[in-house]
Colleague: 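My structure is below; once you've seen it, I'll send some questions.
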Amino acid sequence: MSDTMTISVVLSTYNGEKYLNEQLESIRTQSLFADEVIISDDCSSDGTVQVARNFIEKYHLNNWKLIANKKNRGWMINFKESLKLACGDFVFPCDQDDIWHEDKLRSMSKVMEDNPQILLLASNYTTFYEEGGKKLVPNHGEEREDKSLVKIDFNEQNFFVLRPGCVYCFRRELLKYYDKYAVDDDPHDAFSWRISELLDGLYVWNYSTIDYRRHSSNATARIRPTRSSKLETVLYYDRILKMLSDFSEKENIKDQENRRRIIRRLTEWNNLRIRVIKHKDIISLIYWLKLYRYRDCYFSNKSYLADLVLFK
């Protein structure tokens, strides 16, 4: 990588003392060192801060900075505010309990440097469980680990975020949009994903760069959604689509009219979903039937059918 390019790693922590040391070690032993590592702790009640402080002192990591919040801000705000402190050309968000592969910084930075059109690069990841076992998690279940680079175009299907922020590398210029456009309850990774996509600079790299820890408590995906949880989701989408519309009006983006058209169509789709959820019985069914022409806005056909199953 060029000597002129710099790297920032931004790690948000909260009550993570059990696994933090392993993550910190995987950052310290990278084949390409970060120019700065920012650790922002969100008022942990366990020994997380001391673990981080001891690690920094043990290895004399003068370019690592530990910030201990005096009040809990919540992980979304903590991550966003911490990212805005980054000075590197390439910014790597980091979770507290994963394990990075030793070539993560070097390999992803090289892809970014070789492809200046990329604003955000998201890699594959390998899940591992406390109970044992690993599984590569590729895009949409398609098993690829061939280092292919795939551009994610802005369209109805790609409205959904397909990678977690812990496998991102993005250019610092994205940070200028945080204060201007970011919605309070929109996580940093979702915001960065969609803005990069809108700016025509979102790419997925089919290569695993971390072991992504999943806990036995991570069972939310198995919980059947309720009417209230679905309503919360579509109202969140409503706020995000308004933000994207505002962004498309104020910023100079490629293919602007087509992107506005896509946002309008997604807004129509989401508004119908709100009506499906808020109404019951035959009225809900009528709105659901109108959603048929927006099937391509769903993540999958199963998601479209799920709306009817839940609200019939």
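For the numbers below, each heavy atom of this structure counts, side chains included, while hydrogens, waters and symmetry mates do not.
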Colleague: Decide side-chain contact (heavy atoms from CB on, under 4.5 Å) for L105 and W100; before the verdict, give the C-alpha distance in whole Å, the side-chain angles of both, and the deciding distance to 0.1 Å.
Modeller: CA-CA 9 Å; L105 292 181; W100 285 14; 3.7 Å; yes
Colleague: Can a side-chain donor-acceptor contact be found between S248 and S245 if the only test is distance below 3.5 angstrom?
Modeller: no
Colleague: Is there a side-chain contact between L266 and C297, using heavy atoms and a 4.5 Å cut-off?
Modeller: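 Yes, close enough: below the 4.5 Å cut-off.
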Colleague: Can you tell if the side chain of F33 reaches within under 4.5 Å of the side chain of I7, non-hydrogen atoms only?
Modeller: no
Colleague: Among R264, R265, R295, R293, whose salt bridge (Lys or Arg N to Asp or Glu O under 4.0 Å) with E156 holds?
Modeller: R265
Colleague: If we ignore angles and hydrogens, is there a donor and acceptor under 3.5 Å between the side chains of N124 and R144?
Modeller: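 Judged by distance alone, the side chains do not pair up.
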Colleague: Should F92 and S109 count as side-chain neighbours, where that means a heavy-atom distance under 4.5 Å?
Modeller: yes
Colleague: Establish whether Y212 and L162 are linked, either directly or via other cluster members, by ILVMFWY side-chain heavy-atom contacts under 4.5 Å.
Modeller: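 Yes: a chain of side-chain contacts under 4.5 Å links Y212 to L162.
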Colleague: May I ask you to check if R171 and F90 form a cation-pi contact, with NZ or CZ under 6.0 angstrom from the six-membered ring centre and within 45° of the axis?
Modeller: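 Pair R171/F90 does not count as cation-pi.
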Colleague: Has R213 got its NZ or CZ under 6.0 Å from the middle of the six-membered ring of F128, at an angle within 45 degrees of the ring axis?
Modeller: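 No, R213 does not sit over the ring of F128.
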Colleague: Let me see the working for D238 and N271 under side-chain contact (heavy atoms from CB on, under 4.5 Å), right down to the final yes or no.
Modeller: CA-CA 8 Å; D238 182 63; N271 285 340; 3.9 Å; yes
Colleague: For D184, does the CG atom have more than 12 heavy-atom neighbours from other residues, nucleotides or ligands under 6.0 Å away?
Modeller: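 Atom CG in D184 is not packed in, count stays at 12 or less.
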Colleague: Would you call D185 and R239 a salt bridge, taking side-chain N to carboxylate O under 4.0 Å as the test?
Modeller: yes
Colleague: So, does R172 use its side chain to make a donor-acceptor pair with the main chain of V91 at under 3.5 Å?
Modeller: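 Answer holds: no.
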Colleague: Quick one, F154 with N258, criterion side-chain contact (heavy atoms from CB on, under 4.5 Å). Give me CA distance, side-chain angles, the key distance, then yes/no.
Modeller: CA-CA 9 Å; F154 184 75; N258 184 52; over 6 Å; no
Colleague: Side chains of R273 and N270: any donor to acceptor distance under 3.5 Å?
Modeller: no
Colleague: Verify the distance criterion only: is there a donor paired with an acceptor across the side chains of S208 and T126 at less than 3.5 Å?
Modeller: yes
Colleague: Do other residues, nucleotides or ligands put more than 12 heavy atoms under 6.0 Å from the NZ atom of K151?
Modeller: yes
Colleague: Whether D246 and K242 form a salt bridge (side-chain N of Lys/Arg under 4.0 Å from carboxylate O of Asp/Glu) is what I want to check.
Modeller: no
Colleague: For ring-ring contact (aromatic ring centres under 6.0 Å, His included), just list the numbers for W64 and Y59, CA-CA rounded to whole Å, side-chain angles, deciding distance to a tenth of an Å, and then say yes or no.
Modeller: CA-CA 10 Å; W64 288 39; Y59 293 104; 8.6 Å; no
Colleague: Do D211 and D98 have side chains that get closer than 4.5 Å, going by heavy atoms?
Modeller: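 They are not in side-chain contact.
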Colleague: Check this for me: does any side-chain nitrogen of one of E81 and K84 sit under 4.0 Å from a carboxylate oxygen of the other?
Modeller: yes
Colleague: Does a donor on one side chain and an acceptor on the other come within less than 3.5 Å for S148 and Y207?
Modeller: no
Colleague: Between R259 and D200, does any NZ, NE, NH1 or NH2 come within less than 4.0 Å of an OD or OE carboxylate oxygen?
Modeller: yes
Colleague: Would K71 and D42 pass as an ion pair if we require N to O under 4.0 Å?
Modeller: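 Salt bridge: no.
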Colleague: Closer than 4.0 angstrom, basic N to acidic O: yes or no for E197 and R194?
Modeller: no
Colleague: For residues I118 and V111, determine if any side-chain heavy atom of one lies less than 4.5 Å from a side-chain heavy atom of the other.
Modeller: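 Yes, side chains in contact.
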Colleague: Does the side chain of S26 reach to within under 4.5 Å of the side chain of E102, using non-hydrogen atoms?
Modeller: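 No, every pair of side-chain atoms sits at 4.5 Å or beyond.
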Colleague: Are side-chain N/O atoms of S44 and D41 paired as donor and acceptor at under 3.5 Å?
Modeller: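 Indeed, the side chains of S44 and D41 share at least one donor-acceptor pair under 3.5 Å.
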Colleague: Are the side chains of N69 and S40 in contact, using a 4.5 Å heavy-atom criterion?
Modeller: yes
Colleague: Under 4.5 Å between any side-chain heavy atoms of V234 and I277, yes or no?
Modeller: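 V234 vs I277: side chains touch.
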Colleague: Should the ring pair F160 and F299 be called parallel, tilted or perpendicular, given that the plane angle runs from 0 to 90° and is split at 30 and 60?
Modeller: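 The rings of F160 and F299 stand perpendicular, inter-plane angle above 60°.
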Colleague: T6 and D89: side-chain hydrogen bond (donor to acceptor under 3.5 Å, both in side chains), yes or no, with the steps?
Modeller: CA-CA 5 Å; T6 55; D89 298 294; 3.0 Å; yes
Colleague: Just by distance, no angles: are the side chains of Q50 and N54 close enough, under 3.5 Å, to form a donor-acceptor pair?
Modeller: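 On atom types as modelled, these side chains qualify, holding a pair under 3.5 Å.
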Colleague: Evaluate whether atom CD of E173 has more than 12 neighbouring non-hydrogen atoms of other residues, nucleotides or ligands under 6.0 angstrom away.
Modeller: yes
Colleague: Can you see whether Q96 engages Y19 through a side-chain donor-acceptor pair at a distance of less than 3.5 angstrom?
Modeller: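 Their side chains do not contain a donor-acceptor pair, so the 3.5 Å distance test is not met.
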Colleague: Any donor-acceptor pair under 3.5 Å linking the side chain of N72 with the backbone of G74?
Modeller: yes
Colleague: Linking I/L/V/M/F/W/Y whenever their side-chain heavy atoms sit closer than 4.5 Å, directly or via other members, would L11 and L32 fall into one cluster?
Modeller: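 Same cluster: L11 reaches L32 through Ile, Leu, Val, Met, Phe, Trp or Tyr contacts under 4.5 Å.
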Colleague: Does E232 come within less than 4.0 Å of R227, counting only side-chain N to carboxylate O?
Modeller: no
Colleague: Check the pair T48, L20 against side-chain contact (heavy atoms from CB on, under 4.5 Å), reporting the backbone distance first and the verdict last.
Modeller: CA-CA 7 Å; T48 297; L20 181 58; 3.7 Å; yes
Colleague: Side chains of Y298 and Q157: donor-acceptor distance under 3.5 Å anywhere?
Modeller: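 No, Q157 and Y298 have no side-chain donor paired with an acceptor closer than 3.5 Å.
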Colleague: Scan F79, Y178, F247 and name whichever one has a ring-ring contact (aromatic ring centres under 6.0 Å, His included) with F191.
Modeller: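 Only one of F79, Y178, F247 forms a ring-ring contact (aromatic ring centres under 6.0 Å, His included) with F191, namely Y178.
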